[in-house]
Amino acid sequence: MLPRSVSLGVFRVSLARGRARRCLNRRMANSDDSVLFGNRFLTMPAPSQTFPEQGMTATDAMRLVDVDLAMEGDPQRNLATFVTTWMEPEAQRLIVENLHRNFIDHAEYPISAEIEQRCVRMLADLFHAPGRTTGCRTQGSSEAIMLGALSLKWKWRQRRQASGLSADRPNLVFGGDVHVVWEKFCRYFDVEPRIVPLAEGKYTIGPQDVEPRIDENTIGVVAVLGTTFTGHKDDVVGIDALLRDVRTKRDLDIPIHVDGASGGFVWPFLYPDSTWDFRLEQVRSINVSGHKYGLVYPGIGWLVFREESDLVEDLVFYENYLGKTDATFTLNFSTGASMVLAQYYNFVRLGRQGYTYIMKMMQDNARALADNLRDSGRFEVIGSDLEQLPLVAFRLVGENAYDESDIAWQLSAERGWMVPAYTLPPNAERVKILRALVKETLSREQVDRLSQDIADACRTLDHKGATHGIERNQVKRGTGY
Ligand SMILES: *Cc1c(COP(=O)(O)O)cnc(C)c1O
């Protein structure tokens with residue numbers, strides 16, 4: 001047996017060699033060595049304008065995309081985004097193994113749906129909901145906000161119509177410190193935005209700002225927990241007290257929606273005694289981004305109502321085309337279940353204990369970075385003595401030949417750090433700041449390296465002046481690139 005199989009093996013090998021040689025000869029003749037040694041795309045542009053006529057091998061396609069993406073920013077040095085850039089290998093495995101699972105398909109995947117509801121209940125508990133509540137997963141806080149604000153609009157209309165009053169001029173009150181999604185909501189769904197302007201040194205809003213802007217057509221007031229700009233919170237306690245007062249004295253029941261996109265997973269762990277959630281009576285709904293401090297990869301947000309009755313029944317649709325009658329309250333339909341599962345993984349893996357540990361670790365490192373920047377004598381740190389997200393918002397002090405945008409640009413050019421510089425919203429647009437998110441992946445070693453790199457970038461700019469400013473001016477004159 002043995003010799004025969006060996007000789008057969010040899011025969012097969014020589015056959016295969018012959019075939020390979022013939023193939024190779026053909027390839028040489030076609031000068032198509034790329035099949036053997038490389039990939040067509042290495043010497044040709046990537047398909048981009050028309051639908052490709054022919055395909056390529058799986059390996060080629062993978063390498064084409066990989067090589068393109070290698071030119072993108074390094075997530076480790078991306079201190080601009082609030083969104084999670086790292087999860088544990090076990091969570092990654094769970095995500096990869098469930099990529100095929102369509103979350104909306106509740107009839108076929110009832111456990112995924114149940115896991116979503118477990119997460120909603122856990123969040124309701126974390127946010128101190130008084131009793132039975134409802135909520136859902138969303139693609140992110142933006143979808144959660146659209147849905148939550150739609151519910152505010154419908155509830156307001158019901159209140160107006162019940163009293164036989166007109167319901168055609170809804171308005172929504174919020175500060176200039178909100179994320180752009182709130183202005184989007186107002187435009188998409190035809191609601192008048194009543195925006196409280198900011199001012200130099202005033203980057204959040206309180207009851208005194210809200211009071212003159214509310215009336216019988218106000219569908220709600222938005223309070224931000226952890227603003228995108230400086231990481232602080234609006235005075236939710238004060239706004240709640242004002243609206244409770246308005247409810248008794250003027251018979252106007254104006255709800256608060258808390259935009260906890262970032263802060264919803266920070267405050268319960270860093271500032272558990274600070275009230276901003278359902279402990280305050282007028283807070284009727286809260287959104288939070290699972291993919292920010294919920295520590296899950298992009299694609300997950302949450303909307304939680306105080307009570308079931310805060311979700312308007314009109315907005316819930318019942319369909320049965322997936323085999324079972326199902327209630328849906330979403331802007332999207334099909335979507336992956338992986339991120340819901342990953343969120344649940346984090347909840348059970350970390351618990352309050354783990355989230356608290358991670359939030360404190362980020363806060364410690366943010367404080368270390370703030371100290372380094374302050375000690376350099378070049379920067380002022382904004383509001384680090386207040387309750388704040390684990391980030392550092394800072395700006396130059398004194399007279400300088402360059403500004404914060406120059407530093408952002410120089411830092412990125414020299415070391416690849418992505419630290420955004422931007423002006424604050426009206427009427428604080430004279431204030432330009434840099435903002436560094438201090439996440440789980442930024443170790444103390446890297447905090448010190450970053451501090452050093454910022455100092456180096458400033459030293460370069462001391463010598464060469466404001467390059468970025470010059471480019472900006474050119475753009476303004478219409479001669480820019
Ligand atoms: C990020 C953010 C949003 C938008 O959230 P997504 O999850 O990115 O859709 C809304 N509000 C605030 C305060 C945010 O920080």
Side-chain angles (χ1 to χ4, degrees), residues 75 78-85 119 123 127 135-150 152 172-189 193 195-196 198 203-205 220-236 239 256-268 270 276-277 283 285-304 330-332 335-336 339-340 342-343 346 359 362 383 387-393 418 420 422 424-425 433 435-439:
N78 181 355
L79 309 187
T81 183
F82 284 91
V83 174
T84 302
T85 49
C119 290
L123 285 172
F127 299 160
C136 58
R137 71 146 290 286
T138 58
Q139 203 59 30
S141 278
S142 299
E143 188 191 2
I145 285 167
M146 296 288 169
L147 292 170
L150 278 172
L152 292 180
L172 181 64
V173 176
F174 51 83
D177 57 339
V178 297
H179 188 274
V180 62
V181 59
W182 286 101
E183 284 174 71
K184 267 194 197 169
F185 165 78
C186 287
R187 190 151 338 147
Y188 292 177
F189 295 102
I195 307 174
V196 180
L198 305 183
Y203 308 130
T204 55
I205 65 163
V221 175
V222 180
V224 186
L225 185 75
T227 72
T228 317
F229 303 98
T230 64
H232 296 111
K233 78 163 190 229
D234 287 335
D235 180 2
V236 201
I239 296 170
I256 299 173
H257 175 97
V258 175
D259 179 355
S262 289
F265 278 116
V266 172
W267 259 259
L270 285 186
W276 59 272
D277 55 13
V283 174
S285 47
I286 297 171
N287 69 273
V288 61
S289 294
H291 53 218
K292 289 183 177 175
Y293 294 95
L295 308 175
V296 178
Y297 286 131
I300 183 83
W302 299 95
L303 174 62
V304 185
T330 57
L331 293 181
N332 305 303
T335 190
M339 297 308 157
V340 175
Q343 183 77 82
N346 271 357
M359 297 301 149
M362 295 193 288
E387 292 175 7
Q388 192 183 25
L389 298 173
L391 57 77
V392 185
M418 288 163 266
Y422 48 87
L424 294 181
I433 63 173
R435 187 199 62 201
L437 270 291
V438 178
K439 294 200 295 230

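Keep in mind that what you see is a predicted model, and the values were worked out from it rather than measured. Whatever order the structure lists them in is the order used to number ligands and atoms, beginning at 1.
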Which of these passes side-chain contact (heavy atoms from CB on, under 4.5 Å) with W267: L225, D277, V258? L225
Ligand 1 atoms nearer than 4.0 angstrom to some heavy atom of G140 are 7 (O), 9 (O)
Y422 side chain to F229 backbone, donor-acceptor under 3.5 Å: yes
Give the residue and atom name of whichever protein heavy atom lies nearest to atom 11 (N) of ligand 1, and the separation in Å to one decimal. D259 OD2, 2.7 Å
If you scan protein heavy atoms around atom 6 (P) of ligand 1, the nearest is S141 N, 3.4 Å
Close approach of G301 to ligand 1, heavy atoms, under 4.0 angstrom: no
As a quick check of understanding, evaluate side chain to side chain contact (heavy atoms under 4.5 Å, CB included) for E183 and F174, giving each step before the final call. CA-CA 9 Å; E183 284 174 71; F174 51 83; 4.1 Å; yes
Judged by non-hydrogen atoms, does H291 sit under 4.0 Å from ligand 1? yes
With a 4.0 Å heavy-atom cut-off (strictly under), which part of S289 contacts ligand 1: side chain, backbone, both or neither? side chain
Can you give me the closest heavy-atom contact between W276 and V283, atom names plus distance? O-CG2, 3.8 Å
The atoms of ligand 1 lying under 4.0 Å from a heavy atom of S262, numbered in the order shown, are 15 (O)
Mind listing the closest non-hydrogen atom pair of L303 and S285 along with its distance? CD1-CB, 4.5 Å
Numbered atoms and elements of ligand 1 in range of K292, under 4.0 angstrom, heavy atoms: 1 (C), 2 (C), 3 (C), 5 (O), 14 (C), 15 (O)
Among residues at least two apart in sequence or on other chains, which ones pass side-chain hydrogen bond (donor to acceptor under 3.5 Å, both in side chains) with D259? W182, N287
Which residue and atom name correspond to the protein heavy atom nearest atom 9 (O) of ligand 1, and how close is it? S142 OG, 2.7 Å
Test: salt bridge (charged side-chain N to carboxylate O under 4.0 Å, His left out). Region: residues 225-235. Which pairs qualify, not counting sequence neighbours? K233-E387
